Number of protein chains: 2
Amino acid sequence: MRRVGLKFLATELGISEGTVSRALNDYPDISQSTRDRVKEVAAKFNYKANQTARRLATGVAEAVAYLMPPNTKSISEPFVSQLLEGIGESLSQRGWDLLVVQASSEKTEADTVEKLSTSGRVSGVVISRPYKNDRRIELLKKNNMPFIVHGRSVDSDDYAWFDVDSTQAFKDAVGHLAGLGHQQIGFIGAPLEYNFAQMRLDGYRQGLMENGLQYDPTLVDHVDMTDDASAAAASAILKAQNPPTAFLCATDTQAIGVLAAIRSAGLIPGQDISVIGYDGLDFGKHTNPPLTTLAQPQSHSGREICDMLLAIIDGGNPVDYQELRSATLVRRMSDGPFRPMKTIIS
Amino acid sequence: MRRVGLKFLATELGISEGTVSRALNDYPDISQSTRDRVKEVAAKFNYKANQTARRLATGVAEAVAYLMPPNTKSISEPFVSQLLEGIGESLSQRGWDLLVVQASSEKTEADTVEKLSTSGRVSGVVISRPYKNDRRIELLKKNNMPFIVHGRSVDSDDYAWFDVDSTQAFKDAVGHLAGLGHQQIGFIGAPLEYNFAQMRLDGYRQGLMENGLQYDPTLVDHVDMTDDASAAAASAILKAQNPPTAFLCATDTQAIGVLAAIRSAGLIPGQDISVIGYDGLDFGKHTNPPLTTLAQPQSHSGREICDMLLAIIDGGNPVDYQELRSATLVRRMSDGPFRPMKTIIS
DNA sequence: GCCTAGACCGAAAGCGCTTTCGGAATCAAT
DNA sequence: ATTGATTCCGAAAGCGCTTTCGGTCTAGGC
């Protein structure tokens with residue numbers, strides 16, 4: 001069975017390839033009748049234009065790339081598939097492709113971006129979890145490849161992004177905890193090269209200040225976004241002479257680790273020590289105890305992000321596409337009113 | 001700044017385009033000296049062949065598609081990003097692309113596959129979570145598009161797949177539970193149109209038989225792979241006149257729901273009632289109590305799967321690429337010896 | 001010194017589509 | 001009936017690369 005291409009349809013219909021192509025693409029200079037005829041025959045033979053050829057001819061890649069964050073070791077990566085799903089949804093309406101690309105290591109991340117933007121295989125890029133000063137962003141701008149970042153870097157004035165105001169969220173969370181009577185609030189942050197880590201730390205400190213609390217560096221640590229790393233950090237902090245009665249964590253995954261650390265210190269999280277995470281991960285419902293968290297509205301963010309990117313590809317000004325959402329505190333069972341430590345009793 | 005293409009390099013070097021191309025692609029009929037010269041200049045100008053053009057010319061797509069499973073609502077989807085990561089890793093060694101495609105609904109899944117295999121944009125496909133009789137597989141075969149399935153359908157003789165022997169795993173798990181003294185073992189399965197659901201059910205029933213236990217349909221249910229659905233199912237089963245003292249679940253996500261159901265029935269999972277899940281999800285460590293599970297060796301399966309697919313694309317016989325791995329029981333805290341039900345005491 | 005092999009490279013034909021350009025046919029208007 | 005404007009379509013030139021084919025040139029072998 002022969003490949004059905006433009007040529008096939010053309011001979012089948014007894015007209016020229018060019019006409020078939022224009023008919024299919026709804027050019028105005030094709031009569032309604034032949035247009036119909038062409039489309040009918042095309043449908044009959046289940047014709048699908050060879051995308052590669054079309055791309056070469058038109059020069060538009062009809063594809064968007066998602067740059068996978070490099071360290072996907074952690075538990076918290078449901079967000080990747082969520083995002084992908086949303087992006088794919090948005091893309092499929094146009095019939096565009098979604099490419100998932102990975103940098104083998106953090107070193108080669110910039111390289112990957114460079115290649116991506118010069119090889120012409122995509123017409124746009126979405127990256128997530130930017131660093132404070134992110135070379136990827138610089139490269140994308142330099143090569144003027146349309147892109148959108150999920151999150152923000154320090155200098156976020158001149159590109160498109162979609163982010164959640166985690167600074168505000170953490171400020172509020174501190175307020176919440178302070179309202180519960182907590183004075184010693186610990187903080188488990190993420191590595192500070194990530195801008196989101198900085199922003200959450202900032203929120204934490206601002207919250208402290210607003211509530212007349214002192215920033216105590218012995219109560220905070222910055223570690224990888226894994227349960228184990230944060231458990232270790234929390235254990236250490238718990239051994240301080242004046243340990244915290246509550247923890248704020250940069251991610252839910254970390255918060256879960258902290259929960260474990262508290263339990264293994266013989267204390268009861270949610271009662272002896274409060275902990276609040278960030279992300280709103282679903283499985284926080286099932287931790288012990290269920291995790292109170294700052295939930296980002298990430299349900300359909302993939303779609304929105306991609307729609308924004310598409311708008312930019314269509315000629316929109318990136319600066320017009322900057323969305324800041326806000327997180328909401330979802331209280332489960334891991335936070336509670338301050339109560340004096342058991343150890344003080346003995 | 002002009003695009004650096006073959007033409008540019010050719011004029012730059014004073015030789016023909018064809019020669020440049022062949023030099024770059026290590027054709028044997030190019031002298032070492034010009035080959036070097038060409039490569040040097042290419043590197044200097046940071047030349048990257050336009051992939052689209054190359055694909056058109058060679059006819060090979062240099063890309064592989066991953067077909068996203070349609071209902072990614074559930075918690076258990078870290079496996080998607082894990083898989084993707086592995087696949088991407090394997091692909092990037094060849095410089096190939098990873099396409100992620102989604103069917104908007106289950107109805108259009110076959111359509112999507114059809115288009116994918118005729119549009120020529122990919123040279124291979126990986127699909128996961130096959131149905132018992134999976135139309136996607138039929139279509140892929142019909143269009144002889146190389147593919148590999150993560151899992152197996154009923155008729156798995158003539159294609160490539162990578163699966164874990166969950167039948168065996170569930171048989172063993174029943175044995176484990178029986179050894180612990182449990183006689184009434186409930187089962188929360190997944191929708192039976194999925195072949196893995198059937199296989200796990202089979203394992204469960206075989207295990208029952210091997211241990212001289214009766215299959216009791218009032219103790220089993222098949223529900224969606226979400227925590228809520230399985231919690232509801234477990235609650236119902238718990239109300240039976242002769243409720244189970246242990247549950248086996250087709251997925252960890254379901255097991256977590258069962259944990260919740262047990263607790264909300266006022267019982268203690270792991271003590272009053274055992275529950276064992278399947279998947280080996282990391283966050284099972286943090287449930288209440290930590291979830292005992294049948295862990296699949298999914299760490300690098302993405303890589304292996306993709307390597308297998310690549311081998312097939314290179315001309316390998318699909319039948320030679322069928323891998324069956326085995327799961328291992330990782331005991332955490334949600335299983336324990338049989339103990340008479342509290343309710344019996346009263 | 002002539003002939004045959006290689007070795008090496010240029011020319012050119014695609015890959016399957018899009019898109020411009022101009023020509024033929026149709027139509028309305030003078 | 002002639003002209004001018006439209007409508008509709010065919011021809012052909014790419015898009016940027018690969019790959020075949022054949023030709024030139026040099027190095028051996030006699």
Side-chain angles (χ1 to χ4, degrees), chain A residues 1-39 41-42 45-63 95-97 115 118-123, chain B residues 1-39 41-42 45-63 95-97 115 118-123:
Chain A
M1 178 176 149
R2 180 176 160 193
R3 221 199 93 68
V4 306
L6 231 34
K7 183 146 52 178
F8 177 84
L9 291 188
T11 62
E12 190 73 15
L13 284 155
I15 59 182
S16 81
E17 285 184 52
T19 304
V20 176
S21 170
R22 282 180 324 229
L24 258 13
N25 293 328
D26 288 320
Y27 271 58
D29 65 344
I30 300 292
S31 73
Q32 190 60 44
S33 64
T34 64
R35 189 202 312 283
D36 292 344
R37 216 157 55 86
V38 169
K39 288 196 173 172
V41 175
F45 287 100
N46 197 10
Y47 169 79
K48 268 307 269 163
N50 178 316
Q51 270 200 62
T52 311
R54 156 201 287 262
R55 284 174 192 175
L56 182 55
T58 59
V60 359
E62 302 193 343
W96 283 27
D97 288 340
K115 275 185 199 152
T118 57
S119 77
R121 24 179 207 174
V122 297
S123 18
Chain B
M1 178 177 150
R2 179 174 163 194
R3 222 199 92 68
V4 305
L6 232 34
K7 183 146 53 178
F8 177 85
L9 291 189
T11 62
E12 190 74 13
L13 284 155
I15 60 182
S16 81
E17 285 183 51
T19 304
V20 176
S21 170
R22 283 182 322 235
L24 257 15
N25 293 328
D26 287 321
Y27 271 57
D29 64 343
I30 300 292
S31 73
Q32 189 60 44
S33 64
T34 64
R35 188 200 313 283
D36 291 345
R37 215 157 54 88
V38 169
K39 288 195 173 174
V41 175
F45 288 100
N46 197 10
Y47 168 79
K48 268 304 272 162
N50 177 317
Q51 269 201 61
T52 310
R54 157 201 286 261
R55 285 175 190 176
L56 219 216
T58 59
V60 359
E62 301 193 343
W96 283 27
D97 287 340
K115 274 186 201 150
T118 58
S119 76
R121 22 178 208 176
V122 298
S123 21

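Note that the structure is predicted; figures quoted are calculated from it, not measured.
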**Prompt:** So, does B:Asn50 use its side chain to make a donor-acceptor pair with the main chain of B:Thr52 at under 3.5 Å?
**Reply:**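 Yes.
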**Message:** Looking at A:Ser21 and A:Glu17, would you say the former's side chain and the latter's main chain have a donor-acceptor pair under 3.5 Å?
**Reply:**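 Side chain of A:Ser21 to backbone of A:Glu17, a donor-acceptor pair under 3.5 Å: no, none is there.
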**Prompt:** 5'-most contact on DNA chain C: B:Pro28 or B:Ala53, nearest heavy atom basis?
**Reply:**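 The answer here is B:Pro28.
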**Residue whose nearest DNA chain C nucleotide is more 5′ - A:Glu17 or B:Gln32** =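 Looking at DNA chain C, the more 5' nearest nucleotide goes with B:Gln32.
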Taking atom [atom1] of [X] and atom [atom2] of [Y], what is their separation to the nearest 0.5 Å?
X       : Y       : atom1 : atom2 : value
B:Thr19 : B:Leu9  : OG1   : CG    : 12.0 Å
A:Arg54 : A:Asn25 : CZ    : CG    : 5.5 Å
B:Asp29 : B:Arg35 : CG    : CZ    : 8.5 Å
A:Asp97 : B:Asp97 : CG    : CG    : 9.5 Å
B:Asp36 : B:Thr34 : CG    : OG1   : 8.0 Å

**Prompt:** Just wondering, more than 12 heavy atoms not from B:Lys115 lying within 6.0 Å of its NZ?
**Reply:**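 Incorrect, the count does not exceed 12.
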Remember a base hit wins even if backbone is also touched, and classify [X] as base, sugar-phosphate or nothing at under 4.0 Å, heavy atoms.
X       : value
A:Ser31 : sugar-phosphate
A:Ile30 : sugar-phosphate
A:Gly18 : base
A:Thr34 : sugar-phosphate

Can you identify which nucleotide, out of [options], has its nearest atom closest to the [X] side chain?
X       : options                : result
A:Ala57 : C:dG16, C:dG10, D:dC9  : C:dG16
A:Asn25 : D:dC17, C:dT18, D:dG10 : C:dT18
B:Thr58 : D:dT19, C:dG16, C:dC9  : D:dT19
A:Asn50 : D:dC17, C:dG10, C:dG16 : C:dG16

Without decimals, in angstroms, what is the distance between [X] [atom1] and [N] [atom2]?
X       : N      : atom1 : atom2 : result
B:Leu6  : C:dA12 : CG    : C1'   : 14 Å
B:Leu13 : C:dG10 : CG    : C1'   : 14 Å
A:Gln51 : C:dT18 : CD    : P     : 11 Å
A:Glu62 : C:dC17 : CD    : P     : 13 Å
A:Lys48 : C:dC17 : NZ    : P     : 11 Å
A:Lys7  : D:dA12 : NZ    : P     : 15 Å
B:Arg35 : C:dA7  : CZ    : P     : 13 Å
B:Arg54 : D:dC17 : CZ    : P     : 10 Å

**Asked** Has the side chain of B:Asp29 got a donor or acceptor atom sitting under 3.5 Å from an opposite partner on the base of C:dC9?
**Response**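 Indeed, a donor on one side and an acceptor on the other fall under 3.5 Å apart.
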**Request:** Test for a donor-acceptor pair under 3.5 Å between the base of C:dG10 and the side chain of B:Arg22, counting only N and O atoms.
**Result:**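 It does, because a donor-acceptor pair links the side chain of B:Arg22 to the base of C:dG10 below 3.5 Å.
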**Request:** Between B:Leu56 and B:Tyr27, name the one whose nearest nucleotide on DNA chain D is closer to the 5' end.
**Result:**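 Its nucleotide being nearer the 5' end, the pick is B:Leu56.
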**Message:** So for the helix from C:dG1-D:dC30 to C:dT30-D:dA1, with five pairs setting each end axis, what is the inter-axis angle to 10°?
**Reply:**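 It comes to 50° between the two terminal axes.
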**Request:** Establish, with yes or no, whether the OP1 or OP2 oxygen of C:dT18 is under 4.0 angstrom from a side-chain nitrogen or oxygen of A:Ser21.
**Result:**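 Yes, such a contact exists.
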**Prompt:** Can you tell me if the side-chain N/O atoms of B:Thr19 get under 4.0 Å from OP1 or OP2 in C:dC9?
**Reply:**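 No, because none of the side-chain N or O atoms of B:Thr19 sits under 4.0 Å from OP1 or OP2 of C:dC9.
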